[in-house]
**Q** 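I'd like to ask some things about the structure below.
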Amino acid sequence: MRAIGYTDRGTISAETSVVEFEADRPQSGPNDLLVEVRGISVNPVDVKVRANRQPPAGQPLVLGFDAAGIVKGVGETTTRFRPGDEVFYAGDITRPGTNAELHVVDERIVGRKPSTLGFAEAAAMPLTSITAWEILFDSLGITEGQGAGESLLVIGGAGGVPSILIQLAKKLTGLTVIATASRPDTREWVERMGADHVINHRNPLDEEMRDLGIEPRYVASLNHTDMHFSAIIELIKPRGHIALIDDPPSLDISAIKFKALTFSWEFMFARSMFKTEDMDAQHRLLNRVADLLDEGTLISTVNAHLGDMGVASLRQALELQETGAAIGKTVLDGFVTA
C-alpha cells in the first residue's frame, strides 16, 4: 500500500522529511479496525515527532494522528463497528500513523464520522476535540452546564485545539471565554469560534486582563507557556487551575504555591499509550462531538484544504504547521485511488 513517512530528522524542506513508499498492509489485532483512510489533518505533534524521533536505518516512519475513513475489516473481539462504517479518530502515538492508504486503530478510541462533514473535514476534528474536551472536563474539572460567573483564558486562541476548546466552553458551560490573538485574521477567527473577549498575547497578559477587568479562575495555556507563566500567576484567581499542552523548557512550579493553584498537563495519547481502564472514554467523547457537529452546536475548524494526499501537498501542510501561524486546521483528502 502507499504511505508517506520520513527517513531522517530535519527541516521539512529536506527531501528525507516527506517520502512516499510502498508499505506492508497493516496487521490488525483483536480490538482493531482496519480503516481505508479518506481524509487526514496535520497537528503540532507531527512536527514534534519528526524533530525528535529518528527512524531506524532504511525504515521510514509514518506520521499522521488524525484520520477519517471507512472500516474495511474488524478484529475478532470488536463490538462497536462493522465493515462499511464511516469513522474518525486520532490514532495512537505508539503505532504507525495515518498518512497511508490503510490504517489500523483500536476501536476504543474511534468514533462515528459526523454525517454532515466530508472525510477531510471530519479528519480535522478528533485530536483537537479530544484534547480540548479532556482539558475542559477532565483537567479543569468543569461540569457541563456549570461555570456561570467564572472565566476561562485560552492562550494562543487561533490554533486547532483552542478553536474547538472555545466552542466547547461556550456551548456546553456557562464560562466567560477570553482568547488571545495578535493579528486581525486571528482575532476574527477566535471571535467566529465564539470567544467573548479577545486580548493580545504580544502584550503582558496580566496587564491585558487587568484592563479587561476580569480575573479568570481557569487558564488553558496552549503555547509559549514559559513566556507567559509569570503573567498567568499574576492574573489568575487564587485556587485557580492552569492546564497546558506545550513543552516549555523550564518552569518554576513553586511559584504557584502562594495562590494555591492547581497545575496539570493534558496529553490526549495517554489513554491509548498506557491502555487505561477508561480508554473507551475517547470513543464516547468522539461520538458526542459527532452529534454536536451534526446538530450544528459545534462548527468545523478547517481553515485550509490542500487537496489529495501526496508528497507535495503533505509537505505544504506541514510547512504551514511549522510556521506556528496556522489558523484552525489544515486537511487533505486521502490518496487518489486508481
Side-chain angles (χ1 to χ4, degrees), residues 41-44 66 88 90 114 116-118 120-137 139-140 142 144-145 147-148 150-202 205 208-209 212 214 216 218-224 228 243-246 266 268 285-286 288-305 320-321 323-331:
S41 74
V42 298
N43 293 281
D66 268 321
F88 73 152
T116 55
L117 300 183
E121 194 171 23
M125 306 306 296
L127 186 148
T128 55
S129 295
I130 293 170
T131 301
W133 191 285
E134 291 180 353
I135 287 173
L136 190 62
F137 299 116
S139 296
L140 297 181
I142 309 298
E144 285 192 51
E150 299 289 0
S151 300
L152 166 67
L153 172 62
V154 180
I155 299 174
V161 171
S163 294
I164 194 66
L165 176 58
I166 292 167
Q167 294 187 59
L168 290 172
K170 287 304 302 175
K171 296 297 186 178
L172 301 185
T173 80
L175 292 168
T176 296
V177 179
I178 307 97
T180 78
S182 61
R183 310 190 314 259
D185 54 347
T186 54
R187 290 182 66 91
E188 180 182 356
W189 179 265
V190 299
E191 288 170 351
R192 180 184 168 206
M193 294 299 106
D196 296 295
H197 307 279
V198 184
I199 63 174
N200 190 341
H201 50 236
R202 302 290 183 188
L205 291 182
E208 290 276 298
M209 290 301 296
L212 195 58
I214 296 176
Y218 306 103
V219 175
S221 184
L222 307 180
N223 57 40
H224 301 300
H228 300 301
L244 69 155
I245 62 173
D246 63 341
E266 159 60 18
M268 60 79 55
L285 184 165
L286 287 174
R288 179 75 188 287
V289 168
D291 290 342
L292 292 168
L293 286 162
D294 284 342
E295 68 190 31
T297 300
L298 301 177
I299 62 173
S300 169
T301 60
V302 172
N303 192 46
H305 186 167
L320 178 58
Q321 187 66 61
T323 66
I327 299 174
K329 292 302 296 290
T330 301
V331 301

**Q** Determine the minimum heavy-atom distance between A132 and I164, stating which atoms define it.
**A** CB-CG2, 3.5 Å
**Q** Under 4.5 Å between any side-chain heavy atoms of M268 and L285, yes or no?
**A** no
**Q** I need the E150 CD to T173 OG1 distance, nearest 0.5 Å.
**A** 10.5 Å
**Q** For residues 289-300, which residue pairs qualify under side chain to side chain donor-acceptor pair (under 3.5 Å), counting only residues two or more places apart or in two chains?
**A** R112-D291, R112-D294, S115-D294, T116-D294, E121-S300, E295-T297
**Q** Mind checking whether Q321 and T330 have side chains closer than 4.5 Å, heavy atoms only?
**A** no
**Q** As a quick check of understanding, evaluate side chain to side chain contact (heavy atoms under 4.5 Å, CB included) for L152 and L140, giving each step before the final call.
**A** CA-CA 10 Å; L152 166 67; L140 297 181; 3.9 Å; yes
**Q** Backbone N or O of L127 within a donor-acceptor pair of the D66 side chain at under 3.5 Å?
**A** yes
**Q** Give, for atom OH of Y218 and atom CD1 of I135, the distance between the pair rounded to the nearest 0.5 Å.
**A** 14.5 Å
**Q** Any idea which heavy atoms bring L165 and A220 closest together, and the distance?
**A** CD2-CB, 3.7 Å
**Q** Measure the spacing between CZ of R183 and CG of N200 and express it to the nearest 0.5 Å.
**A** 11.0 Å
**Q** Show the nearest heavy-atom pair for residues L222 and D246, with the distance to one decimal.
**A** O-CB, 3.9 Å
**Q** Nearest 0.5 Å, what's the CD1-CD1 distance between I178 and I199?
**A** 7.5 Å
**Q** Is there a side-chain contact between M193 and T301 in this structure, where contact means two heavy atoms from C-beta onward sitting under 4.5 Å apart?
**A** yes
**Q** Counting only heavy atoms not in E188 (residues, nucleotides, ligands), do more than 12 fall under 6.0 Å from its CD?
**A** no
**Q** For P162 and V154, work out which heavy atoms get closest and say how close.
**A** CB-CG1, 3.6 Å
**Q** NZ/K171 to CD1/I166 distance, rounded to the nearest 0.5 angstrom?
**A** 12.5 Å
**Q** For a quick test of reading the model, state the closest non-hydrogen atom pair linking P114 to L293 and the distance between them.
**A** CG-CD1, 3.7 Å
**Q** Can you confirm whether L175 sits close enough to L136 that some side-chain heavy atom of one is under 4.5 Å from a side-chain heavy atom of the other?
**A** yes
**Q** Between K170 and D196, is any pair of side-chain heavy atoms under 4.5 Å apart?
**A** yes
**Q** Using a 3.5 Å distance criterion without hydrogens, assess whether the side chain of E266 forms a donor-acceptor pair with backbone atoms of A243.
**A** no
**Q** Quick one: list whatever passes ring-ring contact (aromatic ring centres under 6.0 Å, His included) with W133, sequence neighbours left out.
**A** F137
**Q** If you measure from CD1 on I155 to CG on N223, what distance do you get to the nearest 0.5 Å?
**A** 8.5 Å
**Q** Any sub-3.5 Å donor-acceptor pair from E144's side-chain atoms to L172's backbone N or O?
**A** no
**Q** Which residues pass the salt bridge (charged side-chain N to carboxylate O under 4.0 Å, His left out) test with R192, sequence neighbours left out?
**A** none
**Q** Report yes if the side chains of K329 and S163 come closer than 4.5 Å at any heavy-atom pair, otherwise no.
**A** no
**Q** What are the two closest non-hydrogen atoms of P126 and A90, and how far apart are they?
**A** CB-N, 3.7 Å
**Q** Taking C-beta and beyond as the side chain, do L153 and T180 meet within less than 4.5 Å on heavy atoms?
**A** yes
**Q** As a test of understanding, state which of L298, V177, L292 forms a side chain to side chain contact (heavy atoms under 4.5 Å, CB included) with Q167.
**A** L298
